[in-house]
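Remember, it's a predicted structure, so these values are computed and weren't measured experimentally.
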Amino acid sequence: MDTNSYVSFLVIGILLAAIDGQIIYRSGARYLQGDRGRPEAASAMTMLVTALFYVVVLGALALISTVHFPGGGSFPAVMGRVGVYLLILALAHAITIAVLAQRREEQVVEDWNARAAVAEPQRGADEMEQQLQEPTTSPVPGQEGRHPRVSPNLEQGGPYRTGGDAL
(Lines give C-alpha, C1' and ligand atoms only; values in the text may rest on other atoms or scores of the structure.)
Protein backbone atom coordinates (compact mmCIF):
# COMPACT_ATOMS: atom_id res chain seq x y z
CA MET A 1 0.00 0.00 0.00
CA ASP A 2 1.47 3.35 -0.97
CA THR A 3 1.80 6.24 1.45
CA ASN A 4 -1.26 8.17 0.23
CA SER A 5 -3.52 5.13 0.61
CA TYR A 6 -2.05 4.33 4.00
CA VAL A 7 -2.53 7.88 5.30
CA SER A 8 -6.07 8.12 3.88
CA PHE A 9 -7.01 4.83 5.54
CA LEU A 10 -5.62 5.98 8.89
CA VAL A 11 -7.37 9.37 8.65
CA ILE A 12 -10.71 7.73 7.76
CA GLY A 13 -10.30 5.21 10.60
CA ILE A 14 -9.39 7.82 13.19
CA LEU A 15 -12.32 10.03 12.15
CA LEU A 16 -14.76 7.10 12.38
CA ALA A 17 -13.41 6.14 15.82
CA ALA A 18 -13.62 9.74 17.06
CA ILE A 19 -17.21 10.17 15.86
CA ASP A 20 -18.35 6.85 17.33
CA GLY A 21 -16.49 7.48 20.59
CA GLN A 22 -18.16 10.87 20.99
CA ILE A 23 -21.57 9.31 20.36
CA ILE A 24 -20.86 6.69 23.02
CA TYR A 25 -19.55 9.25 25.50
CA ARG A 26 -22.38 11.75 25.15
CA SER A 27 -25.17 9.18 25.06
CA GLY A 28 -23.59 6.99 27.74
CA ALA A 29 -23.24 9.83 30.23
CA ARG A 30 -26.92 10.70 29.91
CA TYR A 31 -27.90 7.02 29.98
CA LEU A 32 -25.96 6.30 33.17
CA GLN A 33 -27.01 9.50 34.89
CA GLY A 34 -30.69 8.51 34.67
CA ASP A 35 -32.71 9.68 37.64
CA ARG A 36 -29.85 9.51 40.15
CA GLY A 37 -28.81 13.12 39.63
CA ARG A 38 -25.06 12.39 39.96
CA PRO A 39 -23.65 13.56 36.63
CA GLU A 40 -20.00 13.43 37.76
CA ALA A 41 -20.18 9.71 38.58
CA ALA A 42 -21.95 8.90 35.32
CA SER A 43 -19.46 11.01 33.38
CA ALA A 44 -16.47 9.31 35.03
CA MET A 45 -17.77 5.80 34.30
CA THR A 46 -18.61 6.72 30.72
CA MET A 47 -15.18 8.29 30.25
CA LEU A 48 -13.48 5.07 31.39
CA VAL A 49 -15.58 2.92 29.08
CA THR A 50 -15.05 5.32 26.18
CA ALA A 51 -11.28 5.39 26.76
CA LEU A 52 -11.22 1.60 26.60
CA PHE A 53 -13.28 1.78 23.40
CA TYR A 54 -10.73 4.18 21.84
CA VAL A 55 -7.77 2.02 22.80
CA VAL A 56 -9.32 -1.14 21.35
CA VAL A 57 -10.57 0.49 18.17
CA LEU A 58 -7.37 2.39 17.43
CA GLY A 59 -5.36 -0.75 18.13
CA ALA A 60 -7.53 -2.62 15.64
CA LEU A 61 -6.95 0.20 13.14
CA ALA A 62 -3.19 -0.12 13.57
CA LEU A 63 -3.35 -3.89 13.08
CA ILE A 64 -5.60 -3.70 10.01
CA SER A 65 -3.31 -1.10 8.43
CA THR A 66 -0.48 -3.67 8.39
CA VAL A 67 -2.51 -6.51 6.85
CA HIS A 68 -1.91 -7.12 3.16
CA PHE A 69 -5.03 -6.83 1.00
CA PRO A 70 -5.11 -7.83 -2.66
CA GLY A 71 -4.82 -4.81 -4.92
CA GLY A 72 -2.04 -3.06 -3.04
CA GLY A 73 -2.80 0.64 -2.69
CA SER A 74 -5.75 0.73 -5.05
CA PHE A 75 -9.11 2.15 -4.11
CA PRO A 76 -10.77 -1.30 -3.70
CA ALA A 77 -8.02 -2.41 -1.32
CA VAL A 78 -8.48 0.70 0.82
CA MET A 79 -12.25 0.18 0.82
CA GLY A 80 -11.71 -3.45 1.83
CA ARG A 81 -9.67 -2.30 4.81
CA VAL A 82 -12.28 0.31 5.70
CA GLY A 83 -14.99 -2.38 5.48
CA VAL A 84 -13.13 -4.71 7.84
CA TYR A 85 -12.48 -1.78 10.16
CA LEU A 86 -16.17 -0.82 10.15
CA LEU A 87 -17.11 -4.37 11.15
CA ILE A 88 -14.64 -4.28 14.03
CA LEU A 89 -15.89 -0.81 14.98
CA ALA A 90 -19.48 -2.08 15.05
CA LEU A 91 -18.48 -5.02 17.24
CA ALA A 92 -16.60 -2.74 19.64
CA HIS A 93 -19.58 -0.37 19.72
CA ALA A 94 -21.96 -3.22 20.58
CA ILE A 95 -19.70 -4.48 23.37
CA THR A 96 -19.37 -0.96 24.77
CA ILE A 97 -23.15 -0.47 24.76
CA ALA A 98 -23.54 -3.84 26.52
CA VAL A 99 -21.10 -2.72 29.24
CA LEU A 100 -22.99 0.54 29.71
CA ALA A 101 -26.32 -1.30 29.83
CA GLN A 102 -24.99 -3.70 32.46
CA ARG A 103 -23.78 -0.79 34.56
CA ARG A 104 -27.16 0.93 34.21
CA GLU A 105 -28.91 -2.27 35.29
CA GLU A 106 -26.68 -2.43 38.37
CA GLN A 107 -27.61 1.17 39.17
CA VAL A 108 -31.31 0.42 38.88
CA VAL A 109 -31.00 -2.56 41.24
CA GLU A 110 -28.97 -0.51 43.73
CA ASP A 111 -31.56 2.27 43.65
CA TRP A 112 -34.41 -0.18 44.08
CA ASN A 113 -32.69 -1.87 47.03
CA ALA A 114 -31.99 1.50 48.65
CA ARG A 115 -35.61 2.59 48.27
CA ALA A 116 -36.86 -0.75 49.64
CA ALA A 117 -34.59 -0.50 52.67
CA VAL A 118 -35.88 2.99 53.48
CA ALA A 119 -39.55 2.27 52.77
CA GLU A 120 -39.76 -1.05 54.61
CA PRO A 121 -38.50 -1.39 58.21
CA GLN A 122 -36.31 -4.34 59.01
CA ARG A 123 -38.39 -7.46 59.51
CA GLY A 124 -37.89 -9.55 62.61
CA ALA A 125 -36.74 -13.13 62.65
CA ASP A 126 -40.18 -14.28 63.83
CA GLU A 127 -41.88 -12.79 60.78
CA MET A 128 -39.31 -14.42 58.47
CA GLU A 129 -39.83 -17.78 60.20
CA GLN A 130 -43.58 -17.44 59.74
CA GLN A 131 -43.10 -16.85 56.02
CA LEU A 132 -40.94 -19.96 55.80
CA GLN A 133 -43.65 -22.06 57.44
CA GLU A 134 -46.34 -21.02 54.94
CA PRO A 135 -47.07 -23.43 52.12
CA THR A 136 -44.95 -23.12 49.00
CA THR A 137 -47.95 -23.99 46.85
CA SER A 138 -51.66 -23.82 47.37
CA PRO A 139 -52.77 -27.03 49.11
CA VAL A 140 -55.44 -29.27 47.63
CA PRO A 141 -58.86 -28.39 49.10
CA GLY A 142 -59.20 -30.12 52.46
CA GLN A 143 -55.44 -30.65 52.86
CA GLU A 144 -53.38 -28.65 55.33
CA GLY A 145 -49.65 -28.23 55.63
CA ARG A 146 -46.59 -27.12 53.77
CA HIS A 147 -46.19 -30.16 51.50
CA PRO A 148 -49.43 -30.90 49.66
CA ARG A 149 -50.04 -34.15 47.85
CA VAL A 150 -49.47 -34.14 44.10
CA SER A 151 -52.11 -35.00 41.58
CA PRO A 152 -51.78 -38.21 39.53
CA ASN A 153 -49.72 -38.10 36.35
CA LEU A 154 -51.56 -38.27 33.03
CA GLU A 155 -49.86 -41.32 31.51
CA GLN A 156 -50.58 -43.94 34.18
CA GLY A 157 -53.43 -42.29 36.03
CA GLY A 158 -51.53 -42.78 39.31
CA PRO A 159 -49.24 -40.82 41.60
CA TYR A 160 -45.86 -39.62 40.42
CA ARG A 161 -42.94 -41.90 41.00
CA THR A 162 -39.65 -40.79 42.43
CA GLY A 163 -36.22 -42.30 42.78
CA GLY A 164 -35.37 -45.75 41.45
CA ASP A 165 -38.90 -46.94 40.67
CA ALA A 166 -39.40 -44.39 37.86
CA LEU A 167 -39.90 -45.67 34.32
Side-chain angles (χ1 to χ4, degrees), residues 1-123 128 131-132 136-137 150 153-155 160-167:
M1 177 159 55
D2 63 358
T3 305
N4 289 337
S5 301
Y6 187 74
V7 170
S8 64
F9 172 68
L10 289 178
V11 168
I12 290 170
I14 290 171
L15 284 174
L16 288 171
I19 290 168
D20 197 19
Q22 283 301 307
I23 290 170
I24 289 172
Y25 177 74
R26 292 173 193 270
S27 301
R30 271 182 272 149
Y31 181 66
L32 287 181
Q33 184 178 354
D35 59 350
R36 274 189 157 194
R38 292 182 14 213
E40 61 279 348
S43 179
M45 176 57 76
T46 306
M47 177 121 14
L48 289 171
V49 172
T50 305
L52 179 63
F53 170 81
Y54 279 132
V55 169
V56 169
V57 167
L58 292 176
L61 177 69
L63 288 175
I64 293 171
S65 69
T66 62
V67 174
H68 174 71
F69 272 73
S74 66
F75 184 72
V78 172
M79 286 297 102
R81 283 192 169 115
V82 169
V84 169
Y85 180 67
L86 284 173
L87 291 173
I88 291 173
L89 189 65
L91 180 64
H93 185 91
I95 291 171
T96 304
I97 296 301
V99 168
L100 289 172
Q102 181 181 11
R103 180 64 189 132
R104 173 67 177 156
E105 185 177 333
E106 290 170 1
Q107 283 180 344
V108 168
V109 169
E110 287 172 8
D111 288 346
W112 188 85
N113 286 339
R115 281 192 299 253
V118 169
E120 221 176 272
Q122 188 69 8
R123 294 183 183 175
M128 186 63 74
Q131 285 181 351
L132 289 174
T136 55
T137 60
V150 295
N153 61 7
L154 297 175
E155 288 84 22
Y160 289 101
R161 294 192 174 124
T162 59
D165 52 273
L167 295 177

Query raised in the report: Are Leu58 and Leu61 close enough, and set up right, to give a side chain to side chain contact (heavy atoms under 4.5 Å, CB included), and what steps lead you there?
Result: CA-CA 5 Å; Leu58 292 176; Leu61 177 69; 4.2 Å; yes
Determine whether a donor-acceptor pair (N or O, by modelled atom type, separation under 3.5 Å) exists between the side chain of Tyr85 and the backbone of Gly13.
yes
Shortest non-hydrogen pair, Val78 vs Ser8, comes out as CG1-OG, 4.4 Å
Tightest non-hydrogen contact, residues Arg81 and His68, listed as NH2-CA, 3.7 Å
Mind checking whether Ile95 and Phe53 have side chains closer than 4.5 Å, heavy atoms only? no
Margin query: Measuring only between side-chain heavy atoms, which start at C-beta, is Phe75 closer than 4.5 Å to Ser5?
Written below: no
Distance col, row Glu110:CD vs Asn113:CG, nearest 0.5 angstrom, shows 8.0 Å
Between the CG atom in Asp20 and the OH atom in Tyr54, the distance rounded to the nearest 0.5 Å is 8.0 Å
- Query: Should Arg104 and Gln107 be marked as a side chain to side chain contact (heavy atoms under 4.5 Å, CB included) after you check the CA-CA gap, both sets of side-chain angles, and the distance that decides it?
  - Reply: CA-CA 5 Å; Arg104 173 67 177 156; Gln107 283 180 344; 3.6 Å; yes
Is any side-chain heavy atom of Leu100 closer than 4.5 Å to one of Ile24? yes
Smallest heavy-atom separation, Thr50 atom then Gly21 atom, equals CG2-O, 3.5 Å
In terms of heavy-atom contacts, Ala17 and Leu89 come closest through CA-CD1, 4.3 Å
